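One structure is given here, and the rest of the page talks about it.
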Amino acid sequence: QENLREPLEMLQKFAQNLDGDMDEIMLDLNDILKSMKVYAAAPNIDFSFPMDLVKGIDPIDILKTIGDKLPAPLGMAYSKALELAAFAPLLPMVECVKNSDLQGALKYIISAPVMKLIAKMAGDSKEIPEKILKKILDSPALKLSIGKFLKKLPSNLHAPFEQLQNIDLEASFDDMVAELDDALQCFKAPEFDLPGLKFPDAIFETFDPIDIMKEIGSVMPSSLAMIYNKALELASFAAALPLIEKIKDGDLGGAIGQILSMPLLKLVAKMDVSMPRDILKKILQNDALQASIESALSGMQENLREP
């Protein structure tokens with residue numbers, strides 16, 4: 001690591017004065033970057049060249065400046081490619097929406113690149129992404145989910161959950177995004193690779209993202225918004241599709257099983273807030289279901305009885 005300090009310090013000093021002869025500046029920069037590349041490639045150096053140098057820079061405006069000077073045939077192709085690349089962080093989210101995977105889409109929404117892009121689409125106004133971020137972080141569903149995992153998991157795994165809990169909602173948008181990103185990165189540690197749980201997805205699975213996804217659609221460029229909003233309209237009712245398939249196949253018992261799923265209960269609650277409780281009472285307090293539980297328990301090993 002010590003060897004890498006010299007070219008990094010040279011680059012720092014070099015950047016302070018870029019007013020000399022441009023040919024000399026380019027030669028000097030080339031020499032510094034060559035040295036950095038050599039040192040960065042050495043074993044046991046935790047530094048990726050050049051990505052670790054430029055990761056905090058928004059490249060779009062710089063790349064547009066170059067595109068403005070390209071001759072027409074190349075410039076048109078370049079500008080079109082750049083226009084698509086500018087929205088690249090959104091594309092996995094849009095694909096999830098097209099596949100009716102709203103929870104998968106939420107994973108991308110809370111990422112720093114998408115949050116920053118939403119701000120850019122809103123005319124560099126941070127009001128809309130800030131509102132979206134606060135809706136997620138301050139939601140009762142998220143708070144309940146974090147509380148559940150804090151009770152369920154050992155104390156050595158609590159830190160990222162507590163980080164999420166303690167994000168300052170009065171902080172600036174950029175600070176909130178940074179705090180959220182830090183907390184989410186912690187879940188990549190191997191100790192969170194737990195059977196039956198995928199973090200951080202599991203924390204957000206009770207959060208209904210439809211409303212915030214509509215807000216994102218409102219600031220998208222028209223070419224992308226048409227596809228996105230149509231897919232979102234269909235995805236809003238995706239939870240009902242497996243139920244309809246079961247009924248079409250004559251599998252009414254399977255249909256009852258689908259009704260007990262969280263996505264479908266949440267969809268029903270949107271149509272009538274009191275209906276999920278009524279349905280659950282009719283199913284879970286039914287004498288036939290209670291008899292089935294007693295029958296299953298009677299022949300079951302002790303370690304399988306708890307659920």
Side-chain angles (χ1 to χ4, degrees), residues 54-62 64 83 85-97 101-147 149 159-188 199-229 231-233 235-236 266 270:
V54 300
K55 63 184 178 184
I57 297 174
D58 183 352
I60 296 297
D61 288 339
I62 299 169
K64 276 182 181 173
E83 185 183 346
F87 297 104
L90 280 181
L91 298 184
M93 183 194 81
V94 174
E95 279 302 308
C96 285
V97 174
D101 180 10
L102 298 186
Q103 294 308 130
L106 182 59
K107 173 177 68 178
Y108 294 105
I109 291 171
I110 59 176
S111 69
V114 169
M115 277 292 162
K116 289 175 181 176
L117 181 53
I118 293 168
K120 213 170 185 65
M121 291 190 300
D124 285 324
S125 165
K126 292 175 181 173
E127 185 179 341
I128 290 176
E130 192 172 293
K131 183 179 166 187
I132 289 170
L133 202 50
K134 286 181 178 179
K135 274 188 178 179
I136 297 170
L137 296 174
D138 201 32
S139 71
L142 181 63
K143 290 175 181 177
L144 281 170
S145 183
I146 290 172
F149 284 114
F161 295 97
E162 290 167 348
Q163 274 182 265
L164 282 174
Q165 256 182 345
N166 297 327
I167 291 174
D168 182 5
L169 300 183
E170 299 305 316
S172 70
F173 170 71
D174 290 332
D175 286 345
M176 278 196 291
V177 169
E179 285 184 60
L180 175 59
D181 194 51
D182 284 346
L184 297 178
Q185 292 300 321
C186 292
F187 289 108
K188 292 182 178 179
F199 289 110
D201 304 28
I203 305 168
F204 296 94
E205 66 182 9
T206 59
F207 182 83
D208 186 348
I210 288 290
D211 289 340
I212 62 167
M213 294 176 88
K214 286 178 181 175
E215 289 187 52
I216 294 170
S218 72
V219 297
M220 281 185 177
S222 56
S223 56
L224 191 57
M226 285 177 63
I227 301 167
Y228 176 84
N229 289 329
L232 188 57
E233 185 183 341
S236 300
K266 285 164 75 174
K270 282 196 162 188

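Computed from a prediction, not measured in an experiment: that's the story for all the values here.
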Close side-chain approach of I118 to M121, heavy-atom, < 4.5 Å: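 I118 vs M121: side chains touch.
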CG-CD distance between D174 and E179, expressed to the nearest 0.5 angstrom: 11.5 Å
Interatomic distance, I212 atom CD1 to L133 atom CG [nearest 0.5 angstrom]: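 Reported value, rounded in 0.5 Å steps: 9.0 Å.
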Pairs where residues 107-117 contributes a residue and the test salt bridge (charged side-chain N to carboxylate O under 4.0 Å, His left out) is met, not counting sequence neighbours: none
Residue pairs involving residues 209-227 (criterion salt bridge (charged side-chain N to carboxylate O under 4.0 Å, His left out); sequence neighbours excluded): K131-E215, K135-E215
Within 6.0 angstrom of Q185 CD, more than 12 heavy atoms from elsewhere: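 Above 12, so yes.
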Trace of the side-chain contact (heavy atoms from CB on, under 4.5 Å) decision for V94 with M220: CA-CA 11 Å; V94 174; M220 281 185 177; 4.3 Å; yes
Would you tabulate the side-chain donor-acceptor contacts of residues 162-171 under 3.5 Å, counting partners in other chains and residues two or more places apart, or write 'none'?
unit_1, atom_1, unit_2, atom_2, d
N166, ND2, E162, O, 2.9
D168, OD1, E170, N, 2.9

So which atom in [X] and which in [Y] form the shortest heavy-atom distance, rounded to 0.1 Å?
X    : Y    : answer
M115 : I109 : CE-O, 3.4 Å
P89  : P113 : CB-CB, 4.1 Å
I203 : S145 : O-OG, 2.7 Å
N229 : G217 : OD1-CA, 3.8 Å
C186 : P160 : CB-CB, 3.7 Å

For F204, ring pair (Phe, Tyr, Trp, His ring centres under 6.0 Å) partners two or more places apart: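 Once residues adjacent in sequence are excluded, F204 has no partner under the ring pair (Phe, Tyr, Trp, His ring centres under 6.0 Å) criterion.
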Residues forming a ring pair (Phe, Tyr, Trp, His ring centres under 6.0 Å) with F149, sequence neighbours excluded: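 F149 satisfies ring pair (Phe, Tyr, Trp, His ring centres under 6.0 Å) with F161, F199 once adjacent residues are dropped.
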Check against side-chain contact (heavy atoms from CB on, under 4.5 Å), I216 and M93: CA-CA 11 Å; I216 294 170; M93 183 194 81; 4.1 Å; yes
All pairs passing ring-ring contact (aromatic ring centres under 6.0 Å, His included) where residues 163-186 contributes a residue, at least two apart: none
